[in-house]
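These notes are about the structure you will find just below.
For the numbers below, each heavy atom of this structure counts, side chains included, while hydrogens, waters and symmetry mates do not.
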Amino acid sequence: MDGFEGNNGVMILAATNRPESLDPALTRPGRFDRRVPVELPDLKGREDILKVHAKKVKLADDVDFHTIARMAAGASGAELANIVNEAALRAVRDGRSYVKEADLEESIEVVIAGYQKKNAVLSDKEKKVVAYHETGHALVAAMQTHSAPVQKITIIPRTSGALGYTMQVEQGDKYLLTKQEIENKIAVYTGGRAAEEVVFGEITTGASNDIEQATKLARAMITRYGMSEDFDMVAMETVNNQYLGGDTSLACSPETQKEIDRKVVELVKEQHAKAVEILVQNREKLDELAAYLYEKETITGEEFMEILERKEA
């Protein structure tokens, strides 16, 4: 790469997902002079990318790309292109020559959770458990401050293995989360299992993904975000290969690792207890919402809030 004249018009480009492992001789000034990190698009970026891909399809007048971009938080450019393609296929299957907003919303769900499993038949008991489980998530979210609004709740099984899910959508991209907001998220993750305990007095395997996500957040609070009084602002964990999934490795003694594990359990148990308390205090609304979800199978955030805010006669 040395020896070129300044006016010969040669430009060298390279890309990698492992910038931390590059030879310093390659990245020093005079070699690759510009480093351009390509992150996931923000809200405005997602909106613009959707508009570019949507030029290939005919759209209905009701399509609001801002809403779709909000729902697709965390999606890459390729996933956004896939969302538009899925929406076009859905319109064709329905015998329409144009794409509606509902098509785009459904295609986001396909990307997040997979296709609906039309042939999956839950028993009456299982369907009721799933209805309470998803209502538990939504109700815990709605009864806490600083939680993203509920957009949709469904108990239709998906090809990803999910028997239902609750979609929450922030009004805009959030780059900073407070300790309270992360604790609230953990409480929401535990809300499904908490509802099963409160209503049925027994637990099922349906909370496996919730458990994984809650544990991940609780551990990050202690090891990476400095949100533990005992460890203060000491990093106990480092993130490797941020562009390849961001796997982590602990940088502490075995004794400290035991203490971290104890604190993670303590934190999740605390938020689980909070979720149970919220559901016990709002048991009537939990029953009312779960019965409505059981009957309809899919409800919108507006329907959920209308029932939640409805006064008793």
Side-chain angles (χ1 to χ4, degrees), residues 1-2 4 6 8-57 59 63-89 99 103-114 148 151 160 167-178 181-182 185 209 212-213 216-217 219-221 223-226 235 237-249 251:
M1 290 168 63
D2 284 337
F4 291 118
N8 59 11
V10 175
M11 183 181 290
I12 298 177
L13 300 176
T16 180
N17 284 331
R18 299 284 302 271
E20 70 284 344
S21 63
L22 292 177
D23 187 332
L26 196 64
T27 56
R28 76 182 188 206
R31 296 292 167 86
F32 286 99
D33 292 314
R34 285 279 184 275
R35 293 184 66 182
V36 184
V38 181
E39 306 287 350
L40 291 173
D42 59 11
L43 179 59
K44 179 70 167 61
R46 292 195 300 274
E47 196 172 335
D48 291 341
I49 291 169
L50 283 167
K51 286 176 181 175
V52 168
H53 292 298
K55 286 178 181 176
K56 298 179 291 184
V57 299
L59 299 172
V63 174
D64 179 4
F65 284 112
H66 183 75
T67 301
I68 302 302
R70 279 199 299 111
M71 292 175 68
S76 66
E79 286 170 329
L80 293 167
N82 191 31
I83 285 168
V84 174
N85 289 337
E86 284 289 345
L89 289 172
V99 171
D103 298 323
L104 288 161
E105 290 178 3
E106 174 62 29
S107 62
I108 289 172
E109 294 174 44
V110 168
V111 171
I112 293 171
Q151 176 83 14
S160 65
M167 181 188 283
Q168 289 177 264
V169 178
E170 294 280 4
Q171 294 303 309
D173 285 338
K174 293 201 78 167
Y175 300 101
L176 293 173
L177 290 174
T178 65
E181 286 171 330
I182 299 177
K185 277 178 176 283
N209 184 252
E212 187 181 332
Q213 296 299 328
K216 197 172 170 182
L217 266 182
R219 183 170 289 276
M221 281 181 72
T223 60
R224 287 163 51 203
Y225 303 151
E237 200 171 50
T238 54
V239 179
N240 311 310
N241 307 328
Q242 69 176 95
Y243 296 103
L244 292 172
D247 55 306
T248 58
S249 57

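For the atom pair CD of E105 and CD1 of I68, the computed distance is 5.0 Å after rounding to the nearest 0.5 Å. We find the CD1-CG distance between I108 and D103 to be 11.5 Å, quoted to the nearest 0.5 Å. Interatomic distance, CZ of R34 versus CG of L13, reported as 13.0 Å (0.5 Å rounding). Interatomic distance, CZ of F65 versus CG of L59, reported as 4.5 Å (0.5 Å rounding). We find the CG-CG distance between L50 and L104 to be 7.5 Å, quoted to the nearest 0.5 Å. With rounding to the nearest 0.5 Å, the separation of CG in L22 from CZ in R28 is 14.0 Å.
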Where do H53 and I49 land on the side-chain contact (heavy atoms from CB on, under 4.5 Å) test, with the steps shown first?
CA-CA 6 Å; H53 292 298; I49 291 169; 3.5 Å; yes

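Heavy-atom minimum distance, S107 versus A87: CB-N, 3.7 Å. Residue Y175 comes nearest to D42 through the heavy atom pair OH-CB, 3.3 Å, listed as atom of the first residue, atom of the second, then distance. Nearest heavy atoms, L217 versus K185: CD1-CB, 3.7 Å. Here the closest non-hydrogen pair linking V63 and V99 is CG2-O, 3.6 Å. Residues P41 and G45 share a closest heavy-atom pair of CB-C, 4.0 Å. Scanning both residues, A72 and L80, for their nearest heavy atoms gives CB-CD2, 4.0 Å.
Within the 4.5 Å cutoff, no side-chain heavy atoms of R46 are placed close to those of L40. Counting heavy atoms from C-beta on, the side chains of I182 and Y225 come closer than 4.5 Å. Residues E109 and M167 have side chains in contact (heavy-atom distance under 4.5 Å, counting atoms from C-beta outward). Within the 4.5 Å cutoff, the side chain of M71 has heavy atoms near those of the V169 side chain. Put simply, the side chain of E106 reaches to within 4.5 Å of the side chain of V110, judged on heavy atoms.
Here the side chain of E47 pairs no donor or acceptor atom with the backbone of A69 at under 3.5 angstrom.
A salt bridge links E181 to K174: one of the charged nitrogens lies within less than 4.0 Å of a carboxylate oxygen.
Applying the side-chain contact (heavy atoms from CB on, under 4.5 Å) criterion to N17, with sequence neighbours excluded, gives Y243, L244.
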